[in-house]
Amino acid sequence: MKKFCLSLFLLSLVNTYAQTGNDNVFMSSDKIFTLGGKRAKSAEYKIDGNPYTSSKNFEQVIIDGYSKNVQDLRYNAYADEMEYLDKKDTYYADKTDGLIVVFPSLKKTYIVKHYTYMGNEKFGYLVLLSKKDAKYGLFRRERVELMQGEKSVSAFSKDANDYYAKEKDVYLVSKGNTFYRLPKNVDELSEDLSLDAKSVKEFAKSNKINFNKEEDLVKLFDFINK
């Protein structure tokens, strides 16, 4: 009887803890909204601009396998983190390899990947431009950097504030787990990905594919993935 009462008591504690947790924080098996860290507060000095590539507002997202009550997010391209708001505090969602975050209002899809860039191993968010399980992947890397403001040449004027500046987007392609920076032309792309250069070149020519236009790149990768 004592054991039975103890079991009921422990079960009651578990239920109470679950119900008194923050209702705004979505709980899941991966706990991406409970394992992420709290964002450090901004520096005391003023920084011009913002670290977001799309919107500094928190937007509704869709994440496969997660509840409809998933947190609203925004992408911090300087920190390479997804942020969500809990009361007045901002937190980073925990990164899970392969996690896909869709922003319907922005028409953008992010995926968490391990990849190599400039010879360095990276683990972070990329904009997914090809289909999720495509043999040959196409991604856009978005980043914002913090620039130092110019120093005043006069003692009577203030130094310029530091500021966020968006870096130029970089396109990456993948074959399996190997990533490449997008080549300059069809020949280099065919060589990197071991493609049938003749058919790819014919498609690119007939469709007037421009490697400087994202919509053309998406069309090209749709073709080579068929």
Quick check: do Q71 and F58 have side-chain heavy atoms less than 4.5 Å from each other? no
How long is the span from the OG atom in S130 to the CD1 atom in I224, to the nearest 0.5 Å? 9.0 Å
Sub-3.5 Å donor-acceptor pair from the side chain of D216 to the main-chain atoms of N210, do we have one? yes
Scan residues 181-191 for pairs that pass side-chain hydrogen bond (donor to acceptor under 3.5 Å, both in side chains), counting only residues two or more places apart or in two chains. D187-K201
On a heavy-atom basis, the closest approach of V144 and K166 is CG2-CA, 4.1 Å
Contacts of Y117 meeting ring-ring contact (aromatic ring centres under 6.0 Å, His included) (sequence neighbours excluded), chain-then-number -> none
Do the side chains of V173 and Y136 join up, straight or via other hydrophobic residues, at under 4.5 Å, putting them in one cluster? yes
If Ile, Leu, Val, Met, Phe, Trp and Tyr residues are connected whenever their side-chain heavy atoms lie under 4.5 Å apart, and connections chain through other members, are F103 and L126 in the same group? no
Closest non-hydrogen atoms of F123 and T96, given as atom of the first, atom of the second and distance, are CZ-C, 4.4 Å
Give a yes or no on whether D64 atom CG has more than 12 heavy-atom contacts from other residues, nucleotides or ligands under 6.0 Å away. no
For a quick test of reading the model, state the closest non-hydrogen atom pair linking P104 to V61 and the distance between them. CD-CA, 4.2 Å
Are there more than 12 heavy atoms of other residues, nucleotides or ligands under 6.0 Å from atom CD of E150? no
So, R143 and D80, do they make that salt bridge, N to O below 4.0 Å? yes
Kindly indicate whether the side chain of L99, heavy atoms from C-beta on, has any atom under 4.5 Å from the side chain of Y66. yes
List in chain and number order the residues that pass side-chain hydrogen bond (donor to acceptor under 3.5 Å, both in side chains) with E121, two or more places apart in sequence or in another chain; answer none if no residue qualifies. T116
Looking only at heavy atoms, which two atoms of D192 and P183 are closest? And how far apart? OD2-CG, 3.3 Å
I'd like to know whether S194 forms a side-chain contact (heavy atoms from CB on, under 4.5 Å) with K175, so could you lay out the CA-CA distance, the side-chain angles of the two residues, the decisive distance to 0.1 Å, and finally the verdict. CA-CA 9 Å; S194 303; K175 179 183 179 183; 3.3 Å; yes
Within-4.5 Å side-chain heavy-atom neighbours: I47 and L146: yes
Partners passing side-chain hydrogen bond (donor to acceptor under 3.5 Å, both in side chains) against K56 (at least two apart in sequence or in another chain): none
I'd like to know if V101 and V70 are part of one continuous hydrophobic network [Ile/Leu/Val/Met/Phe/Trp/Tyr, side-chain heavy atoms within less than 4.5 Å]. yes
Those residues at least two apart in sequence (or on a different chain) that pass ring-ring contact (aromatic ring centres under 6.0 Å, His included) with Y180 are none
Please evaluate residues D72 and Y84 with respect to the criterion side-chain contact (heavy atoms from CB on, under 4.5 Å), reporting the C-alpha separation (whole Å), side-chain torsions for both, the decisive distance (0.1 Å), and the verdict. CA-CA 6 Å; D72 291 347; Y84 67 94; over 6 Å; no
Using modelled atom types and a 3.5 Å cut-off, is there a donor and acceptor pairing between side-chain atoms of D196 and backbone atoms of K198? yes
Just how far is it from atom CG of L128 to atom CD1 of I100, taken to the nearest 0.5 Å? 5.5 Å
With under 30° as parallel and over 60° as perpendicular, where do the rings of Y115 and F179 fit, or are they tilted in between? tilted
Check the orientation of Y125 and Y75. Use parallel for under 30°, tilted for 30 to 60°, and perpendicular for over 60°. perpendicular
Shared hydrophobic cluster, I63 / M82 (ILVMFWY, side-chain heavy atoms < 4.5 Å): yes
If you count every heavy atom of other residues, nucleotides or ligands that lies below 6.0 Å from K131 atom NZ, does the total exceed 12? no
How long is the straight-line distance from CD1 of I111 back to CZ of F139, given to the nearest 0.5 Å? 6.0 Å
Looking at every heavy atom in both G137 and F221, which two are closest together, and how far apart are they? O-CE2, 3.5 Å
Might you work through the side chain to side chain donor-acceptor pair (under 3.5 Å) test for E81 and N76, ending with a clear yes or no? CA-CA 5 Å; E81 298 283 1; N76 183 325; over 6 Å; no
For Y91 versus D86, what's the shortest heavy-atom pair and its separation? CE1-CB, 3.6 Å
NZ (K108) and CD (E59) are apart, to the nearest 0.5 Å, by 10.5 Å
Please evaluate residues T109 and V127 with respect to the criterion side-chain contact (heavy atoms from CB on, under 4.5 Å), reporting the C-alpha separation (whole Å), side-chain torsions for both, the decisive distance (0.1 Å), and the verdict. CA-CA 6 Å; T109 299; V127 178; 5.9 Å; no
Derivation of the side-chain contact (heavy atoms from CB on, under 4.5 Å) call for I209 and V186: CA-CA 9 Å; I209 297 298; V186 170; 5.9 Å; no
Between Y52 and Y164, ring centroids under 6.0 Å: no
CG-CG distance between N225 and L195, expressed to the nearest 0.5 angstrom: 9.0 Å
Distance, nearest 0.5 Å, that separates CG of N207 from CZ of F223: 8.5 Å
Any chain of hydrophobic side-chain contacts (each under 4.5 Å) joining V170 to L138? no
Taking only residues two or more places apart in sequence, or in another chain, which ones meet R140 in a salt bridge (charged side-chain N to carboxylate O under 4.0 Å, His left out)? E142, D169, E214
